[in-house]
Amino acid sequence: MQLLPLLSPKTPNSSSRLINFILISSSLCVIYLFLSLVLLHTSNMVSLTSPRAVSSEPTSIDHVVFGIASNGNSWPKRKEYVKLWWTPNRMRGCVFLDNMPPNAAPDNDSDSSCLPPIRVSENTTRFRYTYRGGLRSAIRVARVVSETVALNHSDVRWFVFGDDDTVFFAENLVKTLSKYDHELWHYIGTNSEIVVQNMFFSFDMAFGGAGFAISYPLAKVLAKVFDSCLERYPHLYGSDGRVHACIAELGIGLTHEPGFHQMDVRGNIFGLLAAHPNTPLISLHHLDHTDPIFPNMTTTNALNHLLQASKLDPHRLLQQTVCYDRWFSWTVSVSWGYAVQVFATNVFLPDMIRTEQTFGPWKRGHALAESFRFDTRARHPDPCRRPVVFYFDGASWGGDGVGVVESRYRRMTVENCSFDASTSPRKLEEVRVVSRKLELGVKQLQAPRRQCCDLLPSTAGKVMEIAIRECGEEELIYMHP
């Protein structure tokens, strides 16, 4: 009997089919992976042109909405401060009053055309206020936050809040905010210059007079829970304390920016301005309680004079640089756009950048009344032993057309002092400073550094010429004849 073969004659064809199946399947997998990668790349390209790409546009004043707290009694006077910095048809926001002031200007009045629109705050009588001796208007002012958000402006990245006597430096405000991601939750501001104030309220609270900024996503969430949150804090004193408490409940702490200034001091704030932190000037507050920042001017005229310097080089405003005259052993401190101080002796740089205490405390009678949250140095009691001060007189663009700014400083006060005309800085009548317009990028804001300066050969014995440059840069910018 003949035995049958173990494998049928069709077995070779079955093996071929199996191999073909594997090859086809592998090819399909490769094609699938290729198409997936193409589709993924295409979706990424589409996302670049989607609304998210719009968010990569640099932050500008068009992305900011202001909420300004005032009242019917103070607004007629305080609006003069707001006029200094408000730009009609460019800035957005409102002033919130408890009631319309008597004889309020109509909407078409020239006075109204250069100011933010006015809104009357909503009724807050339903909220309890139990702080003895305080003002329940703090609740109304706190709700400026939620009422500003409720205006439903479009394309908003930041809400900025301040008082009617807060002067903002808009370009520096925008530049500072631009280093933060506006899509994240941010609460940005500063606290008081006085240690006691911070001990009483909080070192982690943004003081409302200095102004503070809240990013759009945080503000939207805060507005939803704000009224219910206010019910839990009837015992707090002020509006900023309520805002701080409600933001803290959302898990957000304060991001400190030293360019905001509460100015909880009185008198002459020259020392604070002349040794400004190495960061853009954002705001000044409590201007009714301090002397005019320039001699022989009213408060508003002096502030307007400072803003004129800001128009040419906003990021450099008040930035301090120090240089030394080896021939006379003088020390020169330039607070750009504000003042130049010439010391008749050598002063070490660490001492030079400390704040000269020209001002008084906010309140006296406390052991820590003159404890400040920054380094200070005493002012010499003898005016003739103090530095000679030259105040900002004016500025203009240089003649080469490459962003060179020439600023001038003159003496506005004269002390009756005897001096040696050959060696004393009191023989000087004018100081001229040349610098390139300061353009700060995000990295420079994150890691700021002080610039250097050099004294140049003067054209006359009564004029000092100074060039500001990047430290480590050898090339000097010389004055034009």
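By the neighbour-count criterion of 12 heavy atoms within 6.0 Å, atom CG of Asp351 is densely surrounded, having more than that number from other residues, nucleotides or ligands. The local environment of CZ in Arg450 is crowded, with over 12 non-hydrogen atoms from other residues, nucleotides or ligands closer than 6.0 Å. In this structure, Lys427 places its NZ atom where more than 12 heavy-atom neighbours from other residues, nucleotides or ligands lie under 6.0 Å away.
Among residue pairs with one or both ends in residues 258-302, none qualify as disulfide bond (SG atoms under 2.5 Å apart); sequence neighbours excluded. Here side-chain hydrogen bond (donor to acceptor under 3.5 Å, both in side chains) pairs that include residues 260-270, with residues two or more places apart or in two chains, are Ser192-Asp264, Gln197-Asp264, His261-His276, Gln262-Asp264, Asp264-His286, Arg266-His289.
Ring pair Tyr237/Phe200: centre-to-centre distance not below 6.0 Å. Centroid-to-centroid, the aromatic rings of Tyr324 and Phe348 stay 6.0 Å apart or farther. For an aromatic pair to be called close, the ring centres must be under 6.0 Å apart, and Tyr338 with Tyr409 fails this. When ring centroids are compared, His182 and Tyr216 stay outside the 6.0 Å threshold.
A search for side chain to side chain contact (heavy atoms under 4.5 Å, CB included) contacts involving Pro361 returns Arg364, Ala369, Glu370, not counting sequence neighbours. Residues satisfying the salt bridge (charged side-chain N to carboxylate O under 4.0 Å, His left out) criterion with Arg119, sequence neighbours excluded, are absent altogether. Applying the side chain to side chain contact (heavy atoms under 4.5 Å, CB included) test to Val196 and every residue at least two apart in sequence or in another chain returns Ile194, His366, Leu368. Partners of Cys94 by disulfide bond (SG atoms under 2.5 Å apart), not counting sequence neighbours: none found.
Looking at Glu415 and Arg386, no side-chain N of the basic residue comes within less than 4.0 Å of a carboxylate O on the acidic one, giving no salt bridge. For the pair Asp313 and Arg316, the salt-bridge criterion is met [side-chain N within less than 4.0 Å of a carboxylate O]. A salt bridge does not link Lys79 to Asp164: none of the charged nitrogens lies less than 4.0 Å from a carboxylate oxygen.
If you run side-chain contact (heavy atoms from CB on, under 4.5 Å) between Val322 and each of Val332, Val334, Leu349, only Leu349 comes through.
Cys471 has its SG atom within less than 2.5 Å of the SG atom of Cys452.
In this model, no donor atom of one side chain and acceptor atom of the other lie less than 3.5 Å apart for Arg379 and Thr358. Between the side chains of Thr298 and Asn301, at least one donor-acceptor pair of N or O atoms lies under 3.5 Å. Judged purely by distance below 3.5 Å, without hydrogens or angles, the side chains of Thr190 and Arg373 pair a donor atom with an acceptor atom.
Taking CG of Leu318 as the reference point, atom CD1 of Ile293 lies at 7.5 Å (rounded to 0.5 Å).
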